[in-house]
There are 2 protein chains.
Amino acid sequence: MSQWCNFRQLLGRHQLRPTTLRLRVLEILGAAPQALPVQKILALIRTERSVNKVTIYRILGDFCNLGIIRKINPEGRSTFYELACEHHPPHPHFQCRRCGEVQCLESISLDHLCEELKEVLGPGALRVEIRVEGICPKCQALTPKKV
Amino acid sequence: MSQWCNFRQLLGRHQLRPTTLRLRVLEILGAAPQALPVQKILALIRTERSVNKVTIYRILGDFCNLGIIRKINPEGRSTFYELACEHHPPHPHFQCRRCGEVQCLESISLDHLCEELKEVLGPGALRVEIRVEGICPKCQALTPKKV
DNA sequence: GCTCATTTTTCAACTAAGTTGCAAAATAAC
DNA sequence: GTTATTTTGCAACTTAGTTGAAAAATGAGC
Ligand SMILES: [Mn+2]
Ligand SMILES: [Mn+2]
Ligand SMILES: [Zn+2]
Ligand SMILES: [Zn+2]
């Protein structure tokens with residue numbers, strides 16, 4: 001998604017050392033066209049080297065607390081993550097019931113919807129997560145509708 | 001939430017026998033002013049009798065597949081459920097970062113927001129889940145903001 | 001370069017939610 | 001009452017994520 005960020009600089013701004021793993025996690029999230037589950041991130045790194053899952057969980061947890069990445073809670077047991085840099089303002093997501101993938105609906109601004117919601121919610125609302133559920137085009141194609 | 005439904009009838013319509021446990025689950029969800037986590041449902045029933053968690057998971061799973069109840073995926077590891085009868089059309093939810101409770105924002109109609117989203121999504125969208133995150137009034141009161 | 005303090009990564013063990021297959025119990029149909 | 005079907009329970013398992021403490025890597029001061 002974002003080749004535009006300087007990840008070393010980003011980490012520095014948050015007093016985090018630019019270790020190989022931290023940079024790799026950011027690169028992976030930055031290159032992904034969609035939000036990724038932890039397992040996928042782990043698997044990608046493990047094609048190159050060995051890592052302990054605890055390390056990845058801790059890296060993701062730290063990034064999330066600092067607001068560098070966003071955590072997404074989709075249907076199912078695994079959590080997904082995506083970059084939260086200025087090139088990726090918050091947006092709704094689409095999750096496929098078949099394959100479980102989580103697509104970004106970047107064309108839909110959350111700001112607009114949030115305005116409506118905030119009228120009712122007041123200032124207590126810190127974040128809004130919108131998840132649309134359905135069948136993705138890829139899966140639709142696999143099982144064409146019977147006529 | 002809903003004392004207005006005839007649960008025996010509801011189960012009958014779906015060819016499910018009106019067993020004590022199934023009715024109890026519906027009553028609990030119907031009486032709750034908010035969505036409940038599985039653990040809470042289990043705990044409530046266990047104040048009255050002994051139950052195996054598997055049974056509850058199966059009852060909730062069946063209800064969910066039949067559209068009798070709705071599953072909510074909040075932050076955290078436990079799933080929440082709520083009645084999905086005609087008295088409870090889909091609506092956004094508010095989840096507190098402190099206590100984790102999931103309140104229903106019934107005053108906000110999803111239909112309106114869905115219209116906007118559907119323009120972009122086409123007919124592939126089967127369901128929309130909106131989750132607002134923040135601090136609930138109860139928890140706000142416990143930790144008053146420092147002036 | 002060497003020493004010490006701090007940060008990062010690993011390891012092993014654990015927790016908690018949810019699942020599976022099958023047996024026991026309850027219920028309905030005959 | 002006997003039998004077939006549905007529901008519930010039991011035990012064992014899976015999977016995502018967590019914990020605490022040790023080992024390894026790094027950085028600062030010398
Ligand atoms: Mn996204
Ligand atoms: Mn609700
Ligand atoms: Zn799909
Ligand atoms: Zn609260």
Side-chain angles (χ1 to χ4, degrees), chain A residues 7-8 10-28 35-46 48-66 68-81 95 100-102, chain B residues 7-8 10-28 35-46 48-66 68-81 95 100-102:
Chain A
F7 294 136
R8 298 193 106 86
L10 179 63
L11 290 173
R13 239 178 288 143
H14 292 280
Q15 1 271 349
L16 290 179
R17 293 185 191 160
T19 65
T20 319
L21 281 176
R22 289 212 258 246
L23 284 169
R24 199 71 197 91
V25 167
L26 289 176
E27 279 162 19
I28 287 175
L36 298 180
V38 183
Q39 300 307 319
K40 180 81 186 170
I41 299 171
L42 247 178
L44 280 171
I45 298 181
R46 282 182 172 158
E48 306 155 357
R49 51 168 290 183
S50 77
V51 223
N52 193 283
K53 62 172 178 172
V54 178
T55 308
I56 301 303
Y57 278 115
R58 291 213 249 247
I59 288 177
L60 292 170
D62 292 345
F63 285 177
C64 210
N65 290 335
L66 293 167
I68 297 176
I69 63 177
R70 261 188 302 267
K71 183 181 189 173
I72 296 162
N73 302 283
E75 165 69 38
R77 266 153 295 167
S78 51
T79 58
F80 285 56
Y81 289 95
Q95 187 182 22
E101 287 188 15
V102 176
Chain B
F7 294 136
R8 301 193 103 86
L10 179 64
L11 290 174
R13 241 179 286 145
H14 292 281
Q15 358 272 350
L16 289 179
R17 292 184 191 160
T19 65
T20 319
L21 281 177
R22 289 212 258 247
L23 284 170
R24 200 71 197 91
V25 167
L26 289 177
E27 279 162 19
I28 287 174
L36 298 180
V38 182
Q39 299 308 321
K40 180 80 186 173
I41 300 171
L42 247 178
L44 281 171
I45 299 181
R46 281 181 172 157
E48 307 155 356
R49 51 167 290 183
S50 76
V51 223
N52 193 283
K53 63 173 177 172
V54 178
T55 306
I56 301 303
Y57 278 115
R58 289 211 256 247
I59 287 177
L60 292 170
D62 292 345
F63 285 177
C64 209
N65 290 335
L66 292 166
I68 296 177
I69 63 177
R70 263 188 301 267
K71 184 181 188 172
I72 296 162
N73 302 284
E75 166 68 38
R77 266 153 295 169
S78 52
T79 58
F80 285 57
Y81 289 95
Q95 188 182 22
E101 287 189 15
V102 175

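Only this structure's heavy atoms are used, side chains among them; waters, hydrogens and symmetry mates stay out. Reminder, nothing fancy here: chain letters follow the sequence lines and each chain counts from 1. Quick caveat: nothing in here was measured; it's all calculated off a predicted structure.
We find that NE2 of B/H14 is positioned 18 Å from C1' of D/dT6, with the value rounded to whole Å. The CG atom of B/L42 sits 13 Å away from the P atom of D/dT8 (whole-angstrom rounding). Rounded to whole Å, the distance from CD1 on B/I56 to C1' on C/dA17 is 15 Å. Straight-line distance from the CG atom of B/L60 to the P atom of C/dA17: 14 Å, rounded to whole Å. Residue B/N65 contributes atom CG, which lies 14 Å from atom C1' of C/dT19 at whole-angstrom precision. Atom CG of B/L23 is separated from atom P of C/dA26 by 18 Å (rounded to the nearest Å).
A/P18 and A/R8 get closest at one heavy-atom pair: O-NH2, 4.3 Å. The nearest pair of heavy atoms linking A/P74 to A/F80 is CG-CD1, 3.3 Å. Considering every non-hydrogen atom in both B/R22 and B/R17, the closest pair reads NE-O, 3.0 Å. Scanning both residues, A/I68 and A/H14, for their nearest heavy atoms gives CD1-CD2, 3.6 Å.
In this structure, B/N52 does not reach the D/dT8 phosphate: none of its side-chain N or O atoms is under 4.0 Å from OP1 or OP2.
Inter-residue side-chain proximity for A/L44 and A/R24 is flagged as unmet; no heavy-atom pair is nearer than 4.5 Å. Residues B/V25 and B/I69 fail the side-chain proximity criterion, which asks for heavy atoms closer than 4.5 Å. The shortest distance between side-chain heavy atoms of B/I45 and B/L21 falls below 4.5 Å.
Heavy atoms of B/R24 sit nowhere under 4.0 angstrom from any nucleic acid atom. No engagement by A/T20 is indicated, since no non-hydrogen atom pair under 4.0 Å with the nucleic acid exists.
A/Q95 places a side-chain N or O within donor-acceptor distance of the main-chain N or O of A/E75, the cut-off being under 3.5 Å.
Under the salt bridge (Lys or Arg N to Asp or Glu O under 4.0 Å) criterion, A/R70 pairs with A/E82, not counting sequence neighbours.
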(request) At under 4.0 Å between heavy atoms, which parts of nucleotides 12-20 of chain D does protein reach? Answer with one letter per nucleotide, 5' to 3': B base, S sugar-phosphate only, - none. (result) ----SBBBB
Atom pairs under 3.5 Å: protein N/O with N/O of nucleotides 3-8 of chain C:
{"from": "C/dT7", "atom 1": "O4'", "to": "A/R17", "atom 2": "NH2", "distance (Å)": "3.4"}
{"from": "C/dT8", "atom 1": "OP1", "to": "A/R17", "atom 2": "N", "distance (Å)": "3.2"}
{"from": "C/dT8", "atom 1": "OP1", "to": "A/R22", "atom 2": "NH2", "distance (Å)": "2.0"}
{"from": "C/dT8", "atom 1": "O5'", "to": "A/R22", "atom 2": "NH2", "distance (Å)": "3.0"}

